[in-house]
S.K.: 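Before we start, here is the structure in question, set down as structure tokens.
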Amino acid sequence: MTKDVKIFIPKLRIVDLVQRAGGISRETALEQAAEKIEGLRESSLLGISEAVLGMERILGVDHPIGMSDMVWLLRHAERIVTLAETFGHVTLALVGKSLCDLTHRFLENEDGKREPLRVHADALRLVMPPRKVSQEEAGRILGELTRILVFCGCMPREESRLKALRDLELLDTGPDARLDRLLAKTQKEFSVPIAAISLVDLHRQWFKSSIGLDAKELPRGVAFCSYAIENDGVMVVEDAERDSRFASNPLVTGSPGVRFYAGAPLKTSDGFNIGTLCVIDAHPRTLDAAGLKKLEELAREIVKIVEADAASRPARFRQQALPTASKEVLGA
Amino acid sequence: MNLNWVSALLIDPDAHSASLLSGMLDGFGLQKKVVVETGEAARTALGNELFDIIFCDAVLPDIPSAELIQSIRHMEGNPIRLIPIVVLTGYGRMATVAASRDAGANFVVKKPVNANIFYDRLSWVSKGGRQFVESPGYVGPDRRFKNAGLPGGVGRRASDLNGELGAPAEPNMSQDEIDAMLKPMKLDI
């Protein structure tokens, strides 16, 4: 260590101040904070509509989108994400994030394209409160935006991943007794109330097999599995309420009240994570090394079955990964 | 924890996001605060008043937030240089995390701030005890750690992150990833 380096424990005033008498408990602090924030709901909605209006103004004028316009758009898209997530407007937050990703990409390339941005502004308008959006409509809108992001190069691997998924011809197919048996085995093995074989599609997760879930599919934006497929290992969330990625997720705050999640990616032999085998509990839990290994093994078995099935099907014209986005939308 | 006596400086160019944070801090009992929108206004405020903690947005309209943090950390002889600095980053600006960390921020949180997590961070920072480093290359909370890798080279949990800190591959990161970048993991002097 050189003489120029000083290391010490600083004396901070805050350390003494917080210890003075008259403090409040963590519970009270959190309750009060929630109340204060709830009191900002109305003004935050105004903040959102103000941002959308500003975006429409920038994108409505027929002149090139400059760097400063894009910085403005990014800043306000961020605001929308922050406010929408705070007040539980899930779809609006997802549209805002999509716009952030797109603007970010354009800023990197120093080239902003009006049409994809304008479609995002339109989408914001469509999903903005007080307007209520059905799950189907939200899925359709988010699907369209993802298509735009893929086209604009914001999600380089996603297109190939979706193609790998679709080539297996599993989506929207009927039950498969072998997979159902494997899932039942998984559920028993981990003694969880919920287990699923989830396939992550463009804008939804679709359950090839599930136990303890009513829905046949869920919007991708709320899907834990959508995070799980981003890495190759098992994703374990021991307590979703304490995980900033999921603490405000409607599947955590509402039904089915997810606390524990473990998902092993379904990795194809080409290396694409098409979905997950996941186990879910309504209470916080941990998973030991043996459990992780077991879940991965079961996921591998599932992939083996679905890949063997696909290989045995007669070769025929495979559907395209993504329908070509309309020229009008992308300004191509 | 008693935040009644604590005085905070909030720097956020977005009035709406500033109100959310301000409201949350109010709820925690931290009511003494000054809210400003620019780095320049922050400098003025710091010259006029004594603060105990700073909350600063990662992207300021006039100067890079890293520059502001660095200038505070380099106020030699002034106790303000030791002040805890919390950086808040919106979705899509996560690339600024490394810059804020290198400038001497205590920790970085993502917006919207989750009250549970934020409260715990505040109580952690208010306990003090974290070493401070003053060196020619870096002034700020001690964040040195020697990455000895995972025990036996194998992770114990599936959620163990890769030890390598590289350039951000994606435009955004989760709070856990940010934490992993900032948390002193293993100290070896």
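Letters go in sequence order (proteins before strands), and every chain restarts at 1.
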S.K.: Does any part of the side chain of A/Ile37, heavy atoms only, come nearer than 4.5 Å to the side chain of B/Met24, both counted from C-beta?
M.R.: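 Heavy-atom side-chain distance check passes, below 4.5 Å.
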
S.K.: Which residues in residues 30-51 of chain B have a heavy atom less than 4.5 Å from any heavy atom of chain A?
M.R.: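 Interface residues of residues 30-51 of chain B: B/Leu50.
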
S.K.: Using a 4.5 Å cut-off on heavy atoms from C-beta on, say whether the side chain of B/Asn2 contacts that of A/Ile24.
M.R.: no

S.K.: Output the option from A/Glu35, A/Lys36, A/Arg79 having the highest count of non-hydrogen pairs under 4.5 Å with chain B.
M.R.: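 Most heavy-atom pairs within the cutoff with chain B belong to A/Arg79.
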
S.K.: May I ask you to test the B/Val133-A/Val5 pair for a side-chain heavy-atom distance under 4.5 Å?
M.R.: yes

S.K.: Of A/Val81, A/Leu74, A/Ile80, which meets side-chain contact (heavy atoms from CB on, under 4.5 Å) against B/Tyr91?
M.R.: A/Val81

S.K.: Do A/Val15 and B/Ser126 make a side-chain contact, defined as non-hydrogen atoms from C-beta onward lying under 4.5 Å apart?
M.R.: no

S.K.: Within a strict 4.5 Å, meaning less than it, do heavy atoms of the A/Leu12 and B/Asp52 side chains meet?
M.R.: no

S.K.: I'd like to check B/Val59 versus A/Glu78 (side-chain heavy atoms, cut-off strictly below 4.5 Å). Are they in contact?
M.R.: no

S.K.: In terms of heavy-atom proximity below 4.5 Å to chain A, should B/Asn116 be classed as side chain, backbone, both, or neither?
M.R.: both

S.K.: Relative to chain B, which segment of A/Ser25 carries a heavy atom at a distance below 4.5 Å: side chain, backbone, both, or neither?
M.R.: backbone

S.K.: Which is it for B/Met1 and A/Gln19 under the side chain to side chain contact (heavy atoms under 4.5 Å, CB included) test, yes or no, and what are the steps along the way?
M.R.: CA-CA 6 Å; B/Met1 183 159 66; A/Gln19 281 167 17; over 6 Å; no

S.K.: Heavy-atom distance under 4.5 Å to chain B: side chain of A/Glu31, backbone, both or neither?
M.R.: neither

S.K.: Does any heavy atom of chain B fall under 4.5 Å from the side chain of A/Phe246, the backbone, both, or neither of them?
M.R.: neither

S.K.: Side chain, backbone, both or neither: which part of A/Leu40 has an atom under 4.5 Å from a heavy atom of chain B?
M.R.: side chain

S.K.: Counting only non-hydrogen atoms closer than 4.5 Å, does B/Leu82 touch chain A with its backbone (N, CA, C, O), its side chain (CB onward), both, or neither?
M.R.: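 Both parts, backbone and side chain.
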
S.K.: Which answer fits A/Ala262, side chain, backbone, both or neither, if we ask what part of it has an atom under 4.5 Å from a heavy atom of chain B?
M.R.: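 Contact with chain B: none, neither part.
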
S.K.: For chain B, find which of A/Ile14, A/Ile48, A/Ile9 contributes the most heavy-atom pairs closer than 4.5 angstrom.
M.R.: A/Ile14

S.K.: Pick one of side chain, backbone, both or neither for B/Tyr119, based on which atoms fall under 4.5 Å of a heavy atom in chain A.
M.R.: side chain

S.K.: In terms of heavy-atom pairs under 4.5 Å with chain B, which of A/Gln32, A/Lys97, A/Arg105, A/Glu296 leads?
M.R.: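 Highest number of heavy-atom pairs under 4.5 Å: A/Lys97.
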
